[in-house]
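Data block below; observations after.
Ligands are counted one by one from 1 in listed order, and the atoms in each one are counted from 1 as well. Given the structure is predicted, the values throughout are model-derived calculations rather than measurements.
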Amino acid sequence: MDKEIFELIELENKRQNIGIELIASENYASIDVRNACGSILTNKYSEGYPNKRYYGGCEVVDQIEQIAIDRACKLFNCKYANVQPHSGSQANAAAYKALLPNGGKILSLVLNDGGHLTHGSKVSFSSHLYDFVFYPLDKDGHLDYNMILKIAKEEKPDLILSGYSSYPYAIDFKRIKEICDEVNCLFMVDMAHIAGLIAANLHQNPTLYADVVTSTTHKTLRGPRGGLILTNDEKMINRINQAIFPYYQGGPLQHIIAGKAICFKEALSDDFKKYAKNVIDNTKACRDTLYNLNAIVSDTDNHLFLLNTLHSYNLTGLQAQKKLEEINITTNKNMLPNDTLTPKETSGLRIGFAAVTTRGCSNEDAKEIAKLIHMYLSNQIQAKEAIDIVEKLTQKWKKIEEI
Ligand SMILES: *Cc1c(COP(=O)(O)O)cnc(C)c1O
């Protein structure tokens, strides 16, 4: 046994158990998902797709991957799925390749307003392979569909991209599809953050409108770390499959694909629907409590909201993130719409309730967390007292290894 590594895993287990995890992109996978991911399936090579492999001995993993595909299609009400992307970023790379085989112009959200690095950042492959142009949020931080239409008419993109990393409101995919039809371009949705809410029918389903939908499986969907691509178009799934293997990836991770299959089954259950509803209710309860304490916050329709720490507490996002870490509350600094500070500092935090709700955080707990954040960031409570409150909350919740 490798003591050095296993002791570190134990330390991380402890960190996860004693902390209040409010990073909006994180969650806790179930013990079944984790057992599949740690299984002997990691030993198997299976380049290709079910019944079309480049290796022998794939008769069992063929069945696992086919079950994962079928469940993904059932969960998101669509015809075709590729469950092999190693991450959301790989899924996006393959989706772009399938949609725009010869390159082209993509219209996506201004990155500082909530887009992901793979949506055209200078430091990502995306901006090197495609010509990105951007639409901003309005001054209140909402999507402005008329503005998207106006920019689309001027820029004539080949593809409009929706789906974001720090957008706290519902997205009208139907409306964006109408814009795509009006300017005659393709439509892609990256639902990485809100996939769990869509699975629970608590958000408009983009598979009804988009040519291709990509996702991660480890955020609100609560599965193993990985990616997913969906479409209703037979020609498109063939191009997507080729873009994943052999273009961008080699052998698929069958242990992770088994974990994804389990995650999709869990997400089809009534329990998961209740969970997703609780995530939204808890997020709203925390946000409303902060608002009533006169903090400057976005509103929220989903699993996250933005807290303007600069104007609420005279702390940059980075300072607030570090300060909350002192009392075992994990968040992440985030650019706010029209932020005046750099991405390294930022003016605020992104706060999400997908992870703590999995542990059993109640509506009352969510309000208590809001008060605690407010009191600590405004120096009305000592660290020791705050840590005690965090400890009481986390001890009431499920242990990470029992989820
Ligand atoms: C998290 C995220 C991704 C990327 O996921 P990774 O698995 O970290 O590569 C892509 N798009 C959006 C919108 C995301 O929020």
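One finds a salt bridge joining Glu155 and Lys105 here, because a Lys/Arg side-chain nitrogen approaches an Asp/Glu carboxylate oxygen to under 4.0 Å. Lys153 has a carboxylate O that lies under 4.0 Å from a charged side-chain N of Glu182, or vice versa, which qualifies the two as a salt bridge. Taking the charged nitrogens against the carboxylate oxygens, Glu368 and Lys371 have no contact shorter than 4.0 Å, which rules out a salt bridge. One finds a salt bridge joining Asp365 and Lys396 here, because a Lys/Arg side-chain nitrogen approaches an Asp/Glu carboxylate oxygen to under 4.0 Å. Between Lys74 and Asp70 there is no salt bridge, since no side-chain nitrogen of the basic residue lies less than 4.0 Å from a carboxylate oxygen of the acidic one. Salt bridge Glu10/Lys14: absent, no basic N to carboxylate O contact under 4.0 Å. For the pair Arg225 and Glu26, the salt-bridge criterion is not met [side-chain N within less than 4.0 Å of a carboxylate O].
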Audit row: Tyr96, His119, ring-ring contact (aromatic ring centres under 6.0 Å, His included) steps and yes/no
CA-CA 10 Å; Tyr96 295 152; His119 300 182; 7.3 Å; no
Applying salt bridge (Lys or Arg N to Asp or Glu O under 4.0 Å) to Lys392 and Asp388, what does each step give before you reach the verdict?
CA-CA 6 Å; Lys392 264 202 206 98; Asp388 282 350; over 6 Å; no
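Residue contact check: His116 has heavy atoms under 4.0 Å from atoms 2 (C), 3 (C), 4 (C), 10 (C), 11 (N), 12 (C), 13 (C), 14 (C) of ligand 1. With ligand atoms numbered from 1 in the order given, ligand 1 contributes 13 (C) to contacts under 4.0 Å with heavy atoms of Tyr164. Every atom of ligand 1 with a heavy atom of His193 under 4.0 Å away is listed here by number and element: 15 (O). Of all atoms in ligand 1, listed by their number and element, those nearer than 4.0 Å to a heavy atom of Ser165 are 12 (C), 13 (C), 14 (C), 15 (O). Close approach of ligand 1 to His218 (heavy-atom distance below 4.0 Å) involves ligand atoms 7 (O).
Taking only nitrogen or oxygen atoms, main chain and side chain alike, Gly226 does not reach within less than 3.5 Å of ligand 1. Residue Ser89 has at least one nitrogen or oxygen atom sitting less than 3.5 Å from a nitrogen or oxygen atom of ligand 1, judged on distance alone. Geometrically, ligand 1 and Thr216 share no nitrogen or oxygen pair separated by less than 3.5 Å. The distance criterion of under 3.5 Å between nitrogen or oxygen atoms is met by Asp190 with respect to ligand 1.
Counting protein heavy atoms only, atom 7 (O) of ligand 1 is closest to Gly88 N, 2.9 Å. Taking atom 14 (C) of ligand 1 as the reference point, the nearest protein heavy-atom neighbour is Lys219 NZ, 2.9 Å.
By the criterion of a heavy-atom distance under 4.0 Å, both the backbone and the side chain of Ser87 are placed next to ligand 1.
Residue-ligand proximity: Gln90 is placed with every non-hydrogen atom at 4.0 Å or more from ligand 1. Using 4.0 Å as the threshold, Arg225 has no heavy atom nearer than that to any atom of ligand 1.
Annotation: side chain of Leu41 is in contact with side chain of Ile64 (closest heavy-atom distance under 4.5 Å).
The nearest protein heavy atom to atom 9 (O) of ligand 1 is closer than 4.0 Å.
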